[in-house]
Amino acid sequence: MQNITPIEAEEEKFLSFLKTKGLRKTPERFEILHCALECKGHFDVDTLYKSLEARGYHVSKATVYNTLELLCAGGVIRKLLFDTHQARYELAEKTHSHLICTQCGEIKEIELEEIDHRLASMSFRDFYATYVSTCIYGICSKCEEQNKRESHGNYIADKNP
């Protein structure tokens, strides 16, 4: 048996999902898959759409949305709904937590191994969890530093009429 690359593994996972659901393997779906796999970190529909356009691959936004839903259902990517009211996506890798700056919107991934593992292994009555996404909201160090500079500047301005 030959070794397959991570991209080939995701292609196989998606192809198997499409076959199971009786859906067609279209070039558009696989181009969107490849583009999503190349995204670093979290991405949204607009980012993915612009990446496709930059590659010279023209598809409708509806096709991008629909394919992302299929990729989520097939376990290739995850849909994350942070408090921005805009879905973000990431590769469906191992469970991890997110630090989200409420000021600039920056999202960082962190490992809270024990907490994530315990949450992922929990069972619930009448509910089947597929993955866990823990979010911790606050202010990143860059925004905090900016806030301090702005506060200090306002204090000085208030003292000098």
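Below, each value reflects all heavy atoms present in this structure, side chains not excepted, and no hydrogens, waters or symmetry copies. Throughout, residue positions are numbered sequentially from 1 according to the sequence presented. Since this is a predicted model, take the numbers as computed values, not measurements.
The two residues Tyr49 and Val59 make their nearest non-hydrogen contact at CE1-O, 3.1 Å. When every heavy atom of Leu48 is checked against every heavy atom of Ala36, the shortest pair comes out as CD1-N, 3.6 Å. For the pair Cys101 and Cys140, the tightest heavy-atom approach, listed with the atom from each and the gap, is SG-N, 3.4 Å.
In this model, a donor atom of one side chain and an acceptor atom of the other lie less than 3.5 Å apart for Asp44 and Thr47.
The distance from atom CD of Glu145 to atom CD of Glu150, rounded to the nearest 0.5 Å, is 11.0 Å. Distance CZ/Arg78 to CD/Glu90: 6.0 Å, rounded to 0.5 Å. Going from atom CG of Leu52 over to atom OG1 of Thr67 covers 9.0 Å, rounded to the nearest 0.5 Å. Residue Cys135 holds its SG atom at 7.0 Å from CG of Leu80, rounded to the nearest 0.5 Å.
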His98 vs Glu109, test: side-chain contact (heavy atoms from CB on, under 4.5 Å). Steps then yes/no. CA-CA 5 Å; His98 299 93; Glu109 294 180 357; 3.9 Å; yes
What verdict does the side-chain contact (heavy atoms from CB on, under 4.5 Å) test give for Lys19 and Arg24, after you've listed the backbone C-alpha separation in whole Å, the side-chain angles of each residue and the deciding distance to 0.1 Å? CA-CA 7 Å; Lys19 285 181 182 175; Arg24 294 180 305 129; over 6 Å; no
Could you give me the CA-CA distance, side-chain angles and deciding distance for Leu33 and Ile7, then say whether side-chain contact (heavy atoms from CB on, under 4.5 Å) is met? CA-CA 9 Å; Leu33 165 66; Ile7 291 174; over 6 Å; no
Verdict with supporting geometry, Lys25 and Leu15, side-chain contact (heavy atoms from CB on, under 4.5 Å): CA-CA 7 Å; Lys25 174 188 174 184; Leu15 184 58; 3.7 Å; yes
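Using a 4.5 Å cut-off on side-chain heavy atoms (C-beta onward), Val45 and Tyr89 make contact. Within the 4.5 Å cutoff, no side-chain heavy atoms of Val76 are placed close to those of Leu70. Proximity of His34 to Glu11: side-chain heavy atoms (C-beta onward) are separated by under 4.5 Å at one or more points. Side-chain contact check for Ile107 versus Arg88: some heavy-atom pair is nearer than 4.5 Å.
Using modelled atom types, no side-chain atom of Ser51 and backbone atom of Cys35 make a donor-acceptor pair closer than 3.5 Å. Put simply, the side chain of Glu8 gets close to the backbone of Thr5: a donor and an acceptor are under 3.5 Å apart. Looking only at distances, no side-chain donor or acceptor of Ser16 sits under 3.5 Å from a matching main-chain atom of Glu12. Arg29 contributes no side-chain N or O that, together with a main-chain N or O of Leu71, makes up a donor-acceptor pair within less than 3.5 Å. Checked by atom type and distance alone, the side chain of Lys13 pairs as donor or acceptor with a backbone atom of Gly75 at under 3.5 Å.
A parallel orientation is assigned to the rings of Phe14 and Phe17, their planes being inclined by less than 30° (bins at 30° and 60°).
Cluster membership check: Leu18 shares its hydrophobic cluster with Ile77, using side-chain heavy-atom separations under 4.5 Å among Ile, Leu, Val, Met, Phe, Trp and Tyr. Ile136 and Ile139 are not part of a single hydrophobic cluster, where members link through side-chain heavy atoms under 4.5 Å apart.
Atom OH of Tyr57 has more than 12 neighbouring heavy atoms from other residues, nucleotides or ligands inside a 6.0 Å radius. Counting non-hydrogen atoms of neighbouring residues, nucleotides and ligands closer than 6.0 angstrom, the CZ atom of Arg118 reaches no more than 12 such neighbours.
Of the charged side-chain nitrogens involved, at least one lies within less than 4.0 Å of a carboxylate oxygen, so that Glu38 and Arg55 count as a salt-bridged pair.
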